[in-house]
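Just below is one structure, and these are the notes that go with it.
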Amino acid sequence: MLKKNQFKLVTNVLTKAIKLWLRTQVDHIEQLQLDIQAGNRQILSGYIPSVSIIAEKAIYQGLHLSFIDLVAQNIRINIGSILKGEQLRLLEKVSVFCKLSQVEEDLSASLSSTLLSTALNDILVKFLWSDTLNNHSISWQKVQIKDNQLVINATIDEENNPQALLFCLGLNLLSTHELRIAPISVTSNTKTLFESSDGEYLDLGSDVEIQDLNLLPGKIICRGMINVNP
């Protein structure tokens, strides 16, 4: 049986391994706090009932997240390998319950991410310049967050003639894994280029379960669950 100081050493090694693994999953993270809820025998068997994580200013695949509060449950890991100095690996799928928030500044910084810019470009392809979009240079610049609505400033370069665009996108939760983007309007110099009350639907996949999505002036708050696969 491990003595108290030996168990503390194991816990310290495990804490460092989890923090290192978390940092490998994101591009950047600040103010990381970690709390492991597990007994001695559970940790030594590679089972952790619960881990809570709080972080600020995380960047995941180019998406800037202002605040993250996560609780992961029923985690099984390669504890033997970790104690030998190897990297942490998940042995089974883990359900993570999370609360995320994003302010306007961070959402604007996310416009250059592949995930967000691709989604916005897809809207353009479907509703506007579907035949000639590839010949245009689009610059997504700034986002304003209003009640249930995103207002996005962009510029499209048409034959070296920059044109300012203003996108107004309604955003609502349709189901636990589907978002409804509607209504949609695009204007340029007060001229309406496109309007739709039907909008688009975005399927987030079966590993995502959103419980609440709130767009408030200046901030987005989201609560839900995501499955993290090994």
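Heavy-atom basis, side chains included; hydrogens, waters and symmetry copies ignored.
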- Message: Hydrogens and angles aside, do Gln141 and Thr155 bring a side-chain donor and acceptor to less than 3.5 Å of each other?
- Response: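 Their side chains do contain a donor-acceptor pair, which is all the 3.5 Å distance test asks for.
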
Taking all heavy atoms of [X] and all of [Y], pick out the closest pair and write down the distance.
| X | Y | result |
| --- | --- | --- |
| Ser197 | Ala182 | O-CB, 3.7 Å |
| Ala38 | Tyr47 | CB-O, 4.4 Å |
| Asn78 | Arg89 | OD1-N, 2.7 Å |
| Lys57 | His28 | O-CD2, 3.3 Å |
| Ser110 | His64 | OG-N, 2.8 Å |
| Gln102 | Ile145 | O-CD1, 3.8 Å |

When [X] is tested against each of [options] for side-chain contact (heavy atoms from CB on, under 4.5 Å), which residue passes?
| X | options | result |
| --- | --- | --- |
| Leu179 | Leu204, Leu174, Asp203, Asn172 | Leu204 |
| Lys19 | Leu34, Leu88, Thr24, Ile53 | Leu34 |
| Leu22 | Ile29, Leu32, Val51 | Leu32 |

Separation of [Y] [atom2] from [X] [atom1] (nearest 0.5 Å):
| X | Y | atom1 | atom2 | answer |
| --- | --- | --- | --- | --- |
| Leu90 | Ile77 | CG | CD1 | 8.5 Å |
| Asn74 | Ser95 | CG | OG | 8.0 Å |
| Ile43 | Ser45 | CD1 | OG | 9.0 Å |
| Ile210 | Ile226 | CD1 | CD1 | 9.0 Å |
| Asp69 | Glu56 | CG | CD | 11.0 Å |
| Leu169 | Asn148 | CG | CG | 13.0 Å |

Validation row: [X], [Y] side chains within 4.5 angstrom (heavy atoms):
| X | Y | answer |
| --- | --- | --- |
| Glu104 | Gln144 | yes |
| Pro230 | Leu91 | no |
| Ile18 | Ile48 | yes |
| Cys168 | Gln149 | yes |
| Leu166 | Ile152 | no |
| Asn40 | Val10 | no |
| Ile79 | Leu44 | no |
| Ile181 | Leu171 | yes |

- Query: Run the side chain to side chain contact (heavy atoms under 4.5 Å, CB included) check on Leu65 and Val26 step by step: do they pass?
  - Reply: CA-CA 11 Å; Leu65 301 172; Val26 297; over 6 Å; no

Do [X] and [Y] share a hydrophobic cluster (ILVMFWY, side-chain heavy atoms under 4.5 Å, transitive)?
| X | Y | answer |
| --- | --- | --- |
| Leu107 | Ile138 | yes |
| Val228 | Leu70 | yes |
| Ile59 | Leu63 | no |
| Ile36 | Ile54 | no |
| Phe194 | Trp140 | yes |

- Message: Applying side chain to side chain contact (heavy atoms under 4.5 Å, CB included) to Leu193 and Gln163, what does each step give before you reach the verdict?
- Response: CA-CA 12 Å; Leu193 302 179; Gln163 181 182 6; 4.2 Å; yes

- Message: Tell me every residue that passes side-chain contact (heavy atoms from CB on, under 4.5 Å) with Arg223, counting only those two or more places apart in sequence or in another chain.
- Response: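 By the side-chain contact (heavy atoms from CB on, under 4.5 Å) rule, Arg223 matches Lys99, Asp212, Asn214, Ile221.
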
- Item | Glu209/Asn227 under side chain to side chain contact (heavy atoms under 4.5 Å, CB included): CA gap, chis, key distance, verdict | CA-CA 9 Å; Glu209 185 177 310; Asn227 289 323; over 6 Å; no

Say whether, by atom type as modelled, one donor and one acceptor occur between the side chain of [X] and the main chain of [Y] under 3.5 angstrom.
| X | Y | value |
| --- | --- | --- |
| Asp27 | Gln61 | yes |
| Thr118 | Leu115 | no |
| Ser188 | Leu165 | no |
| Ser66 | Val103 | yes |

- Tyr60, OH: over 12 other non-hydrogen atoms inside 6.0 angstrom: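 12 or below, so no.
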
- Show the numbers, then the answer: is there a side chain to side chain contact (heavy atoms under 4.5 Å, CB included) between Ser50 and Val71? CA-CA 7 Å; Ser50 178; Val71 177; 3.7 Å; yes

- Item | Inter- and intrachain pairs under salt bridge (Lys or Arg N to Asp or Glu O under 4.0 Å), touching residues 173-193, at least two apart |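 Found none.
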
